[in-house]
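Working notes, beginning with the structure itself.
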Amino acid sequence: THCISSAASDVYKRQTLDGENYHSIVQFDLLSEKVSFSHPLHFFLSWFIGMNLNIETPQDLINLINIPSVDILGILDFPLRTIVFLSQIKVGLWVRNGSIIKNQMNVYRNSGVREFGFLRDLFLTHLFIATQPVEISLSTIIDRWGLINFVKGNFQEEHNQLGEFIEEFILFFINIFNEDILLHRRSSEEILNLKIRKEIVHAICLKPLCYSELISNISDHIVNEKKFFVSFNQVVEGVSSNQLKENKVYRLKEEYYDEIDPYYIHYSSNKREESIKLLKERIHKSKKIPTQNIYLEPRVVDWSTSPYKNIINISCSKYFTLILQSTLEYCIKFNTLGANNENLLESLLYLIHMCITFPNSEDFIKNYMTLKTTRFQSIIEYFYDILKLGDDFRFCHQRIKHILQKIQNENLCNLSELIEDYNPELIETVSKKNNDSIDKKKRLAERKKSKLFAKMKKQQEKFLQKTMMDSNNINNPHN
């Protein structure tokens, strides 16, 4: 620990995001200072903590990390720098350094060594968020991404890739909340089994592949595990009669499509779009819902027994709300100016949808989705603005309507008080409209049925009266 600590930064600065509260965070500028991919002592630290099954509660984790003589903020700043650096390379901020730096990024993040580098950085960032005060962790994260001005509402583009960079920023938070394999008290064997299965499912779900194509998308050390073929035979099936393993074509078994996560951390943006399209088409076929009216529910993580469950506390903070508000306004403002921020807005809404599945969702909705500042509207007001803007944002209307209806149905806040020109019809989902239409058809059918029965009854009465009269005439022929 002392070796790691001696390498950590001991230079701090005071930072504020709201102009009122100041927090002491590590001072570092990624664009001008040295950054490294490889931090062997940090990787060792991550395994040491990750494999410690004696850590049972969040407080156990905090007690382990927060040692007075150790500069823990400096230590845990290194992996965060690497993650941000990778995103900068990905969007092209370091393009002048040539293709070498992009190749380094691909090796570190996407090749077989990702388990020993990139995912270790993510785990240590989980550790940072889970053990530090929300204000410190979020101030550091926003500062390290270089987005202090952005979350304050200053959208002047410092570089041409700002939209793509903000999308990477939002995906970072989705990954923080979504990648939880290492965040529960699991044995190394259980973790390995989960990893193998997850890798196979996401490697083959988009289309049938031959064996060589399939394993080319999976880390070598995963393929070389003895249990790989156990999971392989469990989740895939052959689709060709060719018995040679190398040429045989495989596909994902039907029952495992529910395990597909379009925001799987190792998916490229293209694969993410393909997986979203695939899942929407499957829902369309099974439920006969038009594709444009389908949204994908976020994956729900059980945080109840996780020692890292303090991670979700960042969702209920003013600083996290600033991130959501500023990104919503950026999407609305620049989309109306001709920029295409569809992927960014879709990811942002997915992130917000994730937050309303958390155990602290009621707090998030009541106190943070309704929060206004002198610079920004509330999240709910931005949602309503998007619904009013019409066709440009129609791709995300159903998800927004679902969230607003949940808020309204559970009486978590009064939408008519928050929104000046509130019209409840604007937030009706397709399913509700369909249900209303079905109910209306049922009422009409019942009305027609009642009228028909009344008419038949009247005809029966006339028939009976006529029959009785004819019978009387026969019995009394002289009358």
Could you check whether Arg282 pairs with Glu254 (Lys NZ or Arg NE/NH1/NH2 to Asp/Glu carboxylate O, under 4.0 Å)?
yes
Pi-cation contact, Phe155 with Arg375 (under 6.0 Å, within 45°)
yes
Look at the aromatic rings of Phe44 and Phe48 and report parallel, tilted or perpendicular, splitting at 30° and 60°.
parallel
Hey, are Ser268 and Asn270 close enough side-chain-wise for a donor-acceptor pair under 3.5 Å?
no
Go through the side-chain N and O atoms of Glu329 and Tyr382 and say whether any donor and acceptor fall under 3.5 Å apart.
yes
Just say parallel, tilted or perpendicular for the rings of His402 and Tyr295, cut-offs at 30° and 60°.
tilted
Neighbour count >12 (heavy atoms, 6.0 Å) for atom CG, Asp220:
no
Kindly indicate, with the supporting measurements, whether the criterion side chain to side chain contact (heavy atoms under 4.5 Å, CB included) is fulfilled by Tyr263 and Arg299.
CA-CA 9 Å; Tyr263 286 88; Arg299 175 176 169 268; over 6 Å; no
Fit a plane to each ring of Phe172 and Phe169, take the angle between them on a 0 to 90° scale, and name the class: parallel (under 30°), tilted (30 to 60°) or perpendicular (over 60°).
parallel
Establish, yes or no, whether a centroid distance under 6.0 Å links the rings of Tyr308 and His126.
no
Is any side-chain N of the basic residue among Glu346 and Lys280 closer than 4.0 Å to the acidic one's carboxylate O?
no
Which class fits the ring pair Tyr264 and His202: parallel under 30°, tilted 30 to 60°, perpendicular over 60°?
parallel
Take the angle between the ring planes of Phe37 and Phe85 and call it parallel below 30°, perpendicular above 60°, tilted in between.
tilted
Whether Tyr211 and Phe229 hold their rings parallel, tilted or perpendicular, with breakpoints at 30° and 60°
parallel
Would you say NZ of Lys152 has more than 12 non-hydrogen atoms from neighbouring residues, nucleotides or ligands within 6.0 angstrom?
yes
Validation row, ring centre Phe123 to ring centre Trp47 under 6.0 Å:
no
